[in-house]
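Worksheet: the structure to be examined is printed underneath.
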Amino acid sequence: MGARPTPRRARCMMANTHTIEHGLGKPWDCTNPLGFAACLHADETGHSSREAEARLDDLGVGAMLTPRALGGSLGALDALMLNMRALFRRDPCIGLGYAGSSFIASVNVWLAGSPAQRAHVAEQLANNGKIACAYHELEHGNDFSSAAFRATVRNDTLVLNGHKQVVSNIERAQTYVLFARTDRGKGARDHSVLLIDRTALEPRAVDFLPRVRTSGMRSVVLAGFELRDATVPRDTVIGELGQGIEIALRSFQITRMALPGMFLGAVDTALRLAIRFARERKLYGASILQIPRVRATIADAFANVLLADCLVTVGARSLHELPRMGSLYAATVKSIVPQILLSTMRSIGTLLGASGYLRAGGYGLFQKLARDIRPISFGHASRANCLATILPQLPRLARKAWQPNVARAPRAVFAWDTPLRDFDPTALSLSTGGHDPIVGSFEAAASELQAASGGLAAFIHPLRAGFAAIRDDAAALSPHDCRVGAPSSAYDLAHRYAVLFAASSAMHTGASSNMRTRGFTAQPHWLAAALANLTTMLGAAPPTRGDDVTDALVAEALRRFDEDLSFDFHHTPIAPWNDDR
Amino acid sequence: MTATATQPILSLFLTEKVATYLQRSPEQIDETKPLTDYGLDSVYALTLAGDLEDFLGITVDPSIVWDNPSISELSVALLALTQ
Ligand SMILES: Cc1cc2nc3c(=O)[nH]c(=O)nc-3n(C[C@H](O)[C@H](O)[C@H](O)COP(=O)(O)OP(=O)(O)OC[C@H]3O[C@@H](n4cnc5c(N)ncnc54)[C@H](O)[C@@H]3O)c2cc1C
């Protein structure tokens, strides 16, 4: 592993993922309540076991989600993402059901809650309580600004009426973060977010709705409730009355950025299964790992995991360094990273063939991971929703931000050994002000990378053409083409923007810290493969890459498999796969 | 631009912008009506805030559009912001 200097925070971050991996125990130990066999059993039965939950309680996950100022360990967002990724690597149901949904809920409170509300949520989390995030109503899907659940102000109280559905943990949570309509209008000041304790609800006013069964995430209990004239104190409002949409839009900048980086853990495990399979499976007298097509699939999957991690890490770090960009960059990351991860999962599925379709045995885990990962694209802001957030910003960015000599992103965004500024939640904004330092510096990134690594020129070239094209197309877009009812081609433009964001982030990261250090990600192979995959996503023909790129990627992936290291950029040690099974 | 912004200028600018978004003529826009009545949602508020930033040369948080639903209210609030 490279001789990269390890700053203090990074070491502490490593210690945390290490503690989590260690706490989860050996993955292939059949007696481990958090082993793969137990996770598959939980999937079959639709319930996580008591033993598993008890082991997770001992890990202190709640503190991980709680800011340091409130007694927890939450500091840098990229570190949180890595820790949560370790849970998703073991089982996405643990990641989302045990921790992720409480994370989504609690961010609302960290950002806008009163000191008492923050202390309350911190205490709940410290005691391993779950916080349910009750935003969703089936009638309205992603269109949460149409939410109909009513909270009517009556003197010093709020009277609650309506239903929330498909909410994780709602049946067992002690605390709910609830999104409710507090005014009649059609504007953006007609909703509020409430923090409600279960004990504050009179039992006669609450009906829990039947559990909703899903094809993936099956051991996460999803359900809903219906409230009838439930009266709660007015001080349950988070922030001010009418601020709901604003609080949601700010909170989503953090959660939409972080979730894909957490889900990445599932693809890490799928790739590990694929490598074990490719080595074990003998056909035509040899391991299938000798077949070029199989090697290319593994190389691509590995490059995509690195690319996805690069994007979520750049995204998370940009929230510290460029908080004003959150509204744009979170939607961008949430639109493209799920796409990369899902297509990787599909190609791993093709490689595993029938083995990936079995429900038990050494590869039975794959079909579960493939089902569990799917909500990444439609849950908590669908891809369409994210593209629709990007789209109206493009004409202005084309005019103002994608010009030569615009301000560049701070070094710390791409040079990950540079310490980050503390996260300042008050700096999150609803709009970028027409700035876009990451895509705005696309040309600079391309030139610098090309200078540092001439062999990549052929891979950079088609993306440059893509950048020139999007600049023209975005400038020609009328505001009318940016509505929800925009033509499909406009959504395609937003998609191309996200691809170029990815290319610029990868090139900057490549040209920055990692080119100066040693180790695999300092070499150009992963970039060649990642940029070629992005070119395909742009709808252009990628250059043919040489066998050297595939060979280098496969060799590094095999090394990480043998040494029990994660496949992401951070190559952290994972609980051993290799000494037992 | 900031120095010359007056309420009539701001109203005129807003009316023209809203008319463009809606693909109507400015005469069809009532300055006292909430913009949401025309079907302009929170996404348009972001676009409008961006256009206002470019016009006025100052930072305009989109929430000002949410807090001042009609063109006449908004132009008063914007005038206060520029002064
Ligand atoms: C495992 C799991 C856990 C969950 N946990 C929670 C939870 O804890 N709390 C909670 O509140 N909810 C939760 N949910 C609910 C989840 O948030 C919703 O299911 C989801 O956000 C709504 O998705 P939808 O497909 O109904 O979207 P819809 O909004 O109905 O969209 C459907 C389709 O319409 C199209 N579309 C929508 N908007 C646009 C647009 N602007 N432009 C173009 N096309 C568009 C797209 O094709 C989109 O896919 C959970 C769901 C799952 C599966």
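We name chains A, B, ... by the order of the sequence lines, and we start the count at 1 in each one. The basis for the numbers below is simple: all heavy atoms, side chains too, and nothing from hydrogens, waters or symmetry mates.
- The number of heavy atoms from other shown groups lying within 6.0 Å of CG (A/Asp472) is above 12.
- Residue contact with chain A, scored on non-hydrogen atoms closer than 4.5 Å, involves the backbone and the side chain of B/Ser63 alike.
- The environment of CD in B/Gln7 is crowded: more than 12 heavy-atom neighbours from other residues, nucleotides or ligands sit within 6.0 Å.
- Side-chain contact check for B/Asp37 versus A/Lys186: some heavy-atom pair is nearer than 4.5 Å.
- Within 6.0 Å of CG in A/Asn405 there are 12 or fewer heavy atoms belonging to other residues, nucleotides or ligands.
- Interface residues of residues 491-498 of chain A toward chain B, defined by a heavy-atom distance below 4.5 Å: none.
- Residues of residues 68-77 of chain B having a heavy atom under 4.5 Å from any heavy atom of chain A: none.
- Summarising the local packing, CZ of A/Arg234 is surrounded by 12 or fewer heavy atoms from other residues, nucleotides or ligands at distances under 6.0 Å.
- Put simply, CD on B/Glu53 and OG on A/Ser431 are 5.0 Å apart, with the number rounded to the nearest 0.5 Å.
- From A/Lys400, atom NZ reaches atom CG of B/Asp54 across 4.5 Å, with rounding to the nearest 0.5 Å.
- The distance from atom CG of B/Asp41 to atom CG of A/Asp143, rounded to the nearest 0.5 Å, is 9.0 Å.
- What you find for A/Leu430 and B/Asp61 is that their closest heavy atoms are CD1-OD1, 3.7 Å.
- Neither the backbone nor the side chain of A/Leu391 has a heavy atom closer than 4.5 Å to any heavy atom of chain B.
- A heavy-atom distance below 4.5 Å is not found between the side chains of B/Pro62 and A/Glu246.
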